[in-house]
Protein chains: 2
Amino acid sequence: MATLADVARRAGVSPATASRIINGSSKPVTEALRQRVLAAVEELQYVPNAHAQLLARSHRSTVGVVVHDVSDPYFAEITRGLQRVATEHGRLVMICNSYRDPDKELQYVELLRAHQVAAIVLAGSGYHDDAFTETMNSKLRVYESTGGRAVVIGRHEHAGDAVVPDNEMGGYLLGAELYALGHTEIGVVAGPKLLTTTTDRIAGLRRAAREHGHRLPARRIVYGDFDRDGGASAAAALLDAEPDITAIAALNDPMAIGVLALLRARGISVPGRISVTGFDDMPVARDVTPALTTVRLPLADMGARAMTLALQPPADGRPPRIEEVGAELVRRESTGPARD
Amino acid sequence: MATLADVARRAGVSPATASRIINGSSKPVTEALRQRVLAAVEELQYVPNAHAQLLARSHRSTVGVVVHDVSDPYFAEITRGLQRVATEHGRLVMICNSYRDPDKELQYVELLRAHQVAAIVLAGSGYHDDAFTETMNSKLRVYESTGGRAVVIGRHEHAGDAVVPDNEMGGYLLGAELYALGHTEIGVVAGPKLLTTTTDRIAGLRRAAREHGHRLPARRIVYGDFDRDGGASAAAALLDAEPDITAIAALNDPMAIGVLALLRARGISVPGRISVTGFDDMPVARDVTPALTTVRLPLADMGARAMTLALQPPADGRPPRIEEVGAELVRRESTGPARD
DNA sequence: CCTCGTCAGGCAAGCGCTTTCCACGGGACG
DNA sequence: CGTCCCGTGGAAAGCGCTTGCCTGACGAGG
């Protein structure tokens, strides 16, 4: 690998000058020299060693993101928003997939700290576990105390700023819609019990139930993984235990798709006999048959706002900023009036 | 930020000893010292500066990946395979999204080189453009000449090793299936004209046509973006220009879904009046109605093999290794016998 | 003609860490 | 009791780059 010294030697200048020319420093340099150096760079195919650069100018510029899984459409969309804003500000972003593993999350925060990132954005960490929250918080606080910025997407129990979607409201909208359609026997296909996403959405559903004079008993809620298979098996369990339900609220779209697949396999018509709702309005929601009634969250926007917060100057003891973003009902074909 | 020197001072040892203890070097160290140092690390919440470490041990370990877009399911799957193998070998991977922008691709290769990666994996760069291929090749060769490894997924015109899916075979399988079902008037909804992925798949379709005594005229091929909307608009154009086709081969699954959406909007039954095929067998393929007949590529496996190649010792003039992987037909509900 | 200001360019001190090489002390052995 | 050796720990030389500060030269002003 060619080094700066090689370039300098070849151009017959000092490394200092070469560095200044290559980085376009403001120091004035004769045109002849600049040409010589640039030519040397080209001939040697010189690429500066990023580690050396980053070490020398102790200047934090990139921002780190810890996310459940970038290839999950939900987080892909958030990430898109994050990236857009970062790029607009000329910042690089380093993305890490935690796959919701708390240990990995902690490790990655460490890794990002090691890489001297200017800010850390956490998305998709939704654990209720107090011990985890506590250690994460302390890490985040240490990080902030050294001038870093921490932003959390999706919950506000953490240290640092946050942008949180109104999951409760989303649940409420869905519940209200179903009750309005005359459904009183509603089952819920929920995500992992420990995620605030799950509990908040259920809380909204429950509020809708209350307001319509109903209840949402715990036995009508089955928990599973936030994916297609989780939805299918939860729906199977639910149907076996509670055969008289007329609507199933799945707590995200992939689960709803699993529910749809199971119902089709069992020959149950949707929305004829059972109405189904999703959550998040991912692109597939409109491509399945019947197209999913669901709730839209402005995911990309949330990412953008999180990055905007992350790029702000460090906190310095001011109270954490919390931005809440709304949810919006999307009516499609998977819901209809209750049968009887 | 606490530094190693801080830790050493606090523990009353030299930085050298602290470093050895923290990195678990093989040098023997008294237990008492080790405890003191570890305690200091804990108290100071010390995290080693990754740049300094990487600079000091000039030891390339992470591998870089340039990919079209990790959140695209196709590349997500490839990436999963890459990651798995990398993790098994304790290597970190740095992922960059090029969004198929040739300039970005070049830039990222540079960036990765700057970060001293041990290997570079290119996926989703499929441009036919000779100029681009040439500059990319020269960059890659320079990189390899400094001891790096380059692996390309999806095409073999590049320098370095390659793992390529048999797109031609996939196209052939689909074509053969359609002709076997009695379709003779076939339209193609193709991806960008400049991608080898597109041209190879078409070549397979054409071979099937020839073998069944038919032709696939250019006017029956409409090009569009490799996504849902690209599929929908290409299908619209195709249908308007060639109303008597009885089958549409879309060159990837998202496009096929767009085709399905358009046909539904126009009230055309699938596979009743028109059969539709996809390509890649992404998860959604089985969730749409009708479920897509498509071709499966072992994407994760391709990623894994690419990473395995990347982890191999440097080339040293041996001829580039090229691994080809097969394709497999998946029959579902979107195809049926031709009407007449 | 001397002094001073100015400008192009180089010197060298780090950035935070690793690692080679050396020093020191004590136990084993002759 | 002297030597040798081994087991521990430290000193210091970088890794490749940036940047504050200084120098030398040259033209301008007194």
Side-chain angles (χ1 to χ4, degrees), chain A residues 1-38 40-41 44-62 110-118 146-147, chain B residues 1-38 40-41 44-62 110-118 146-147:
Chain A
M1 268 301 221
T3 74
L4 221 213
D6 297 334
V7 173
R9 201 171 315 124
R10 174 146 195 153
V13 301
S14 77
T17 324
S19 167
R20 294 199 181 99
I21 292 178
I22 291 172
N23 299 297
S25 128
S26 56
K27 264 242 171 169
V29 171
T30 337
E31 187 56 21
L33 273 201
R34 122 174 278 95
Q35 293 305 341
R36 287 225 305 277
V37 169
L38 262 21
V41 165
L44 266 43
Q45 286 273 357
Y46 167 73
V47 177
N49 182 323
H51 301 306
Q53 271 185 315
L54 259 14
L55 181 60
R57 41 174 179 238
S58 336
H59 168 215
R60 309 164 164 208
S61 148
T62 108
E110 208 102 302
L111 181 84
L112 291 173
R113 213 144 88 70
H115 279 265
Q116 315 295 105
V117 297
T146 64
Chain B
M1 269 299 223
T3 74
L4 183 61
D6 298 333
V7 173
R9 203 170 313 125
R10 174 149 195 150
V13 302
S14 76
T17 321
S19 167
R20 289 198 267 258
I21 292 179
I22 292 172
N23 299 297
S25 128
S26 56
K27 263 243 171 162
V29 171
T30 334
E31 186 56 20
L33 273 202
R34 123 175 277 95
Q35 293 305 340
R36 287 225 306 276
V37 169
L38 261 21
V41 166
L44 267 42
Q45 285 274 357
Y46 167 73
V47 178
N49 182 323
H51 301 306
Q53 271 185 314
L54 260 13
L55 180 60
R57 41 175 179 237
S58 331
H59 167 217
R60 310 163 163 209
S61 150
T62 107
E110 207 102 302
L111 181 85
L112 291 172
R113 213 143 88 70
H115 279 265
Q116 314 295 106
V117 297
T146 64

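By convention in this document, chain letters (A, B, ...) are assigned in the order of the sequence lines, proteins followed by strands, and residues within each chain are numbered from 1. All values reported here derive from a predicted model rather than from experimental measurement.
B:Gln53 places a side-chain heavy atom less than 4.5 Å from the side chain of B:Asn23.
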- Reading nucleotides 14-19 of chain D 5' to 3', which nucleotides get B (base under 4.0 Å from a protein heavy atom), which S (sugar-phosphate only), which -? BBBBBB

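With sequence neighbours left out, A:Ala118 forms a side-chain contact (heavy atoms from CB on, under 4.5 Å) with A:Arg60, A:Arg91. Under the salt bridge (charged side-chain N to carboxylate O under 4.0 Å, His left out) criterion, A:Arg36 pairs with no residue, sequence neighbours left out.
Looking at heavy-atom distances under 4.0 Å, B:Leu54 makes no contact with the nucleic acid at all. Within 4.0 Å (heavy atoms only), A:Ser25 reaches no atom of the nucleic acid at all.
Look at CD1 on B:Ile21: it is 15 Å from P on C:dC17, rounded to the nearest Å. Remark: C1' of C:dG9 and CD1 of A:Ile22 are 15 Å apart, rounded to the nearest angstrom.
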- Hey, mind stepping through A:Leu4 and A:Ile22 against side chain to side chain contact (heavy atoms under 4.5 Å, CB included) and telling me if it holds? CA-CA 10 Å; A:Leu4 221 213; A:Ile22 291 172; 4.0 Å; yes

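With respect to A:Thr62, the side-chain contact (heavy atoms from CB on, under 4.5 Å) criterion is satisfied by exactly one of A:Val117, A:Leu112, A:Leu54: A:Val117.
To the nearest 0.5 Å, atoms OG (A:Ser58) and NE2 (B:His51) are separated by 10.5 Å.
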